[in-house]
Amino acid sequence: MWYHGRSDINNTSESIGLAVSSNGIHWAREEHVRPSGDASLVMNCSKNWWAFDTDSIRPSEMVIMSSPMYSAVYWPYYTGYSSEEVNLSGAPYILQNPERVHGGDKKDEHHKIGKIFKSLPGLACSQDGRHWARIEGDHHSGALLDVGSDKEWDSLFIAAPHVVVHSNDDLRMYYHSYDVENGQFALGVARSRDGIRWVKLGKIIGGGSKGSFDELGVKNACVVRNCKVGSYLMAYEGVSADGIRCIGLAVSPDGLKNWKRLQEDPVLKPSEEDRWDNKGVRSPCLVQMEGNVDKWRLYYVGIGCVGRNGIGLAISEGSNIRKFRRWADFTCKINV
């Protein structure tokens, strides 16, 4: 598992770490991956002044593939943040933390107000999953895609690139941005033949109906091709009118268009009890089990008191993908 984290609350820069598991349930940080001695650290921000990822980096999706141009096996797509500020002055205060915020003063203890920084998608490669080299995209900063023009829905930032290999020469990237005109987070898709050069196809799904758990938008999508029926299933983070994060599901016959919500209610909500994830659940990672296609695992980021985050696990109840329950014996091993 590749995840992002930072060393302490005063360190605003995030890096990528590695954790390992023998069963996908109990995880431990991989110690001393680098000579520096930083536990589990595998990738830092770029030191090039012109790069798009000088401020923070967050992993999104790991694709295992090879290319005639690159012999690497692991291709991690990630979100990179620069020091360029994004203007969201017209948005509700609860949306002032779309992806990456630096608090401006001591009043910002819960990240309701802050400076928002621009993000773009990037790519790296590795043969062992521990030592990485960046693959530069066509954008002058090295990013794979640029934001849209002022009138387009993704003009502010591009975040959380999730890549699905449909075939050898057909890759799809799902990402989110903030649609200023509609006042919602929304998801879009881009397409590529080689995984490096991408063409945007437009927005595919936006916020839900008034009063819904995703009224203010959808973000952090994870798309999986269902091995059983061939359609595409999307787990996403929904943002409600009061800023609460829950996880919902959507389906599409081809993974490109005609996305429809599987149900109006979320499949995973924050814990009602005084637990580590009682403030919100976000950033889903959906996995269909190889030995049992009717069984699904849902990894997610849980938000607790004082904004402390951890990684949790929920599993589907039999073949009912519409309902997940938290893993009963699971206690959060990784705090990020």
Are Phe52 and Trp50 in one and the same hydrophobic cluster, where Ile, Leu, Val, Met, Phe, Trp and Tyr link if side-chain heavy atoms are under 4.5 Å apart? no
Residue of the set Lys219, Lys203, Lys200 for which salt bridge (charged side-chain N to carboxylate O under 4.0 Å, His left out) holds with Asp154: Lys200
N/O donor-acceptor pair under 3.5 Å between Gln288 side chain and Val224 backbone: no
Leu123 and Arg134, any side-chain heavy atoms less than 4.5 Å apart: no
Taking Arg191 for the side chain and Leu201 for the main chain, is one N or O donor matched with an acceptor at less than 3.5 Å? no
Val223 and Trp259, any side-chain heavy atoms less than 4.5 Å apart: yes
Ring centres under 6.0 angstrom apart (Tyr77, Trp2): no
Rounded to the nearest 0.5 Å, how far does OG of Ser46 lie from CG of Asp55? 11.5 Å
Could you label the plane-to-plane angle of the His162 and Tyr174 rings as parallel, tilted or perpendicular, counting under 30° as parallel and over 60° as perpendicular? tilted
Would you tell me whether Tyr300 and Arg245 have side-chain atoms, one donor and one acceptor, within less than 3.5 Å of each other? no
So which atom in Ile158 and which in Pro121 form the shortest heavy-atom distance, rounded to 0.1 Å? CG2-CD, 3.7 Å
Does any N or O in the side chain of Tyr299 come within less than 3.5 Å of the main-chain N or O of Gly24, such that one atom is a donor and the other an acceptor? yes
Minimum side-chain heavy-atom gap Pro270-Lys279 below 4.5 Å: no
Assign the ring pair Tyr236 / Phe213 to parallel, tilted or perpendicular, where the plane angle (0 to 90°) is split at 30° and 60°. parallel
Within one Ile-Leu-Val-Met-Phe-Trp-Tyr cluster: Ile135 and Met173, side-chain cutoff 4.5 Å: yes
Interatomic distance, CG@Leu256 vs NE2@His166, rounded to 0.5 Å, equals 7.5 Å
Tell me, do Ile64 and Tyr74 make a side-chain contact under 4.5 Å, heavy atoms counted? yes
How far apart are the closest heavy atoms of Ile196 and Leu144, and which atoms are they? O-CD2, 3.5 Å
Examine distances only and state if a side-chain atom of Gln184 and a backbone atom of Glu215 form a donor-acceptor pair shorter than 3.5 Å. yes
Evaluate salt bridge (Lys or Arg N to Asp or Glu O under 4.0 Å) for Lys257 paired with Asp254, printing each intermediate quantity in order. CA-CA 7 Å; Lys257 54 185 179 180; Asp254 60 7; 5.3 Å; no
Distance only, no hydrogens: is a donor on one side chain within 3.5 Å (strictly under) of an acceptor on the other, for Asp179 and Ser177? no
Report, as yes or no, whether the 6.0 Å neighbourhood of atom CD on Gln263 holds more than 12 heavy atoms from other residues, nucleotides or ligands. yes
Tell me whether Val239 shares a hydrophobic cluster with Leu156, the cluster being built from Ile, Leu, Val, Met, Phe, Trp, Tyr side chains joined at under 4.5 Å. yes
Give the cluster check for Phe157 versus Leu216: same hydrophobic cluster or not, with ILVMFWY residues linked at side-chain heavy-atom distances below 4.5 Å. yes
What I'd like to find out is whether the side chain of Tyr232 reaches to under 4.5 Å of the side chain of Val164, using heavy atoms alone. yes
Please assess Asp150 against Ser155 for the test side chain to side chain donor-acceptor pair (under 3.5 Å), listing each intermediate value before the final yes or no. CA-CA 5 Å; Asp150 291 341; Ser155 62; 5.6 Å; no
With no hydrogens and no angle check, do the side chains of Asn44 and Ser15 hold a donor and an acceptor under 3.5 Å apart? yes
Take atom CG in Asn292; do more than 12 heavy atoms of anything else shown fall under 6.0 Å from it? yes
Quick check on the hydrophobic clustering: are Tyr78 and Leu18 connected, directly or via other members, by side-chain heavy-atom contacts under 4.5 Å? yes
